[in-house]
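Only a predicted model underlies this, so the values are computations on that prediction, with no experimental measurement involved. No hydrogens, no waters, no symmetry mates; every other heavy atom, side chains included, goes into these values. Below, chain A is the first sequence line, B the second, and so on; all start at residue 1.
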There are 2 protein chains.
Amino acid sequence: MNSTFYQNKDTFLVAVDCIIMGFRDNELQILIARRRMEPLKGGWSLMGGFVNATESINEAAKRVVEEYTGIDNIFMEQVGAYGELNRDLADRVISIAYFALVDMDLFDSSLIEKHNTRWVRITQLPELIFDHKKMVDNTINILQRKAAIKPIGFNLLGDQFTLPTLQSLYESIYQERIDKRNFRKKLLTMDILEKMEEKDKSSSKRGAFYYRFNKEKYDQLIEQGLHFSL
Amino acid sequence: MNSTFYQNKDTFLVAVDCIIMGFRDNELQILIARRRMEPLKGGWSLMGGFVNATESINEAAKRVVEEYTGIDNIFMEQVGAYGELNRDLADRVISIAYFALVDMDLFDSSLIEKHNTRWVRITQLPELIFDHKKMVDNTINILQRKAAIKPIGFNLLGDQFTLPTLQSLYESIYQERIDKRNFRKKLLTMDILEKMEEKDKSSSKRGAFYYRFNKEKYDQLIEQGLHFSL
DNA sequence: GCAAAAGTGTTTCAGGTACACCCATGA
DNA sequence: TCATGGGTGTACCTGAAACACTTTTGC
């Protein structure tokens, strides 16, 4: 790396903070950790880490998410950069927030005690350190906006899921109830789901059919100039 | 600033790059500069600058925009952070992009030669250095999405403007033609504009009435649970 | 047989879209 | 008087929202 061009410029610690979201018990969940170091030791925080000189910021975020979940190949998007002067009480740190949507069934629970983490419902989020609450709020806004027009919500589910589950996922994202018939109608007329033969009997006696998201059909939909919309 | 907590971590040059947009001759325009330093001296770039230790990243962006336009109090929003390893050919630089919407009538033209800048139509953007083209593309996406649901487009106009001008602004943002009657209907039924008595006769013999965006009326609209939408 | 969740259609309404003519004025 | 851009209203159509009953099955 050639450093002769930009001289006498200040340099900064750069961190990534990750809003890792899952879905369980009909509610969105966020992974938070009890901080093990000062300042604010014992406070709840997002999963974070410093960016290394050898990696891009996207790679740093991916590394952090894998470290705390044990999952790779996770859907992630940048939320934004946070650069207030005193956002981190210990030192000047510029942080870039990312959100990750994970299938909680793939989560490695052994990492919970290792990193002192916990899944909490978004409706019951405790106070977070620094500006982490703002990062979460911005994430939820992005998620609400984006889940409506892109099929990103499926990243929160296993590859098989029932329509009632999918509906409750969207209800949790939008924080409002949705009419069952309208929801199913919209979804099924898009023709991007594949109905399975088996049913999920875990939450009712009758059982609900499993469906699978069909990426090929989705791509066709887009090619036809149509849009995903929920 | 206390630096005893986070030790042995890499630090980075952090820059801001600003997509400064204006509106003139019925088209969106972007301010670009011919780069005066290596690497890629002579290439077209966005307005950029390094973040100083004494300022937040938002303040850095504001400083840069003022420096290149001579205008303060500009509408700005963050686009995102760009952190690929070799995005800047000279050194590892993490850059945070911001877009700014300015009233070109307030632009200080004397700064053009000082900074080697030029306004170009977005439809005629030359090749830009580094990942600046990607920043512009992301900005245009954000602008198209956001201008449809928030009255941010008015930041590109003086405080008086005609409806034909406003329409051509939206046509330039969306890159498509809009029906005159539908546009006016939607806008006027929102009741957020104030009709002036004077006309703008510069672009027709008959002249078009000036209007003013009325922030109070807009706030009322929102309070009533209604939405801006164009 | 009953409780509990899954599944299914129709009507209504609002908002978006398409569309063509008259008006005012300077040259 | 004519060329140029400004201004106006209606009909249609699509998609969103509201709404209630039947089905399945384990207990």
Can [X] and [Y] be counted as having a side-chain donor-acceptor contact under 3.5 angstrom?
{"X": "A:Q220", "Y": "A:Q224", "answer": "no"}
{"X": "A:N58", "Y": "A:Y98", "answer": "yes"}
{"X": "A:Y211", "Y": "A:D159", "answer": "no"}
{"X": "B:T162", "Y": "B:T165", "answer": "yes"}

Atom-to-atom span, [atom1] of [X] to [atom2] of [N] - whole angstrom:
{"X": "A:D200", "N": "D:dT25", "atom1": "CG", "atom2": "P", "result": "14 Å"}
{"X": "A:F183", "N": "D:dG15", "atom1": "CZ", "atom2": "P", "result": "19 Å"}
{"X": "A:L187", "N": "C:dG7", "atom1": "CG", "atom2": "C1'", "result": "14 Å"}
{"X": "B:F209", "N": "D:dG5", "atom1": "CZ", "atom2": "C1'", "result": "14 Å"}
{"X": "B:K186", "N": "C:dA14", "atom1": "NZ", "atom2": "P", "result": "17 Å"}
{"X": "B:Y170", "N": "C:dG16", "atom1": "OH", "atom2": "C1'", "result": "17 Å"}
{"X": "B:L193", "N": "D:dG7", "atom1": "CG", "atom2": "C1'", "result": "15 Å"}
{"X": "B:Q167", "N": "D:dT8", "atom1": "CD", "atom2": "P", "result": "13 Å"}

Pairs where [range] contributes a residue and the test salt bridge (Lys or Arg N to Asp or Glu O under 4.0 Å) is met, not counting sequence neighbours:
{"range": "residues 198-208 of chain A", "answer": "none"}
{"range": "residues 104-116 of chain A", "answer": "A:R24-A:D105"}
{"range": "residues 142-155 of chain B", "answer": "B:E77-B:K146"}

Can you tabulate the close N/O pairs, meaning under 3.5 Å, that link protein atoms to atoms of nucleotides 25-27 of chain C?
residue, atom, partner, partner atom, Å
C:dG26, OP1, B:K201, NZ, 3.4

For B:D219, all residues meeting side-chain contact (heavy atoms from CB on, under 4.5 Å), sequence neighbours excluded:
B:K215

Once you apply a heavy-atom cut-off of 4.0 Å, does A:T162 come out as touching a base, just sugar-phosphate, or nothing?
nothing

Using nucleotides 8-12 of chain C, report all nitrogen or oxygen pairs with the protein that are shorter than 3.5 Å.
residue, atom, partner, partner atom, Å
C:dT10, O4, A:K185, NZ, 3.0

Roughly how far, to the nearest 0.5 Å, is CG of B:L156 from CE of B:M104?
10.0 Å

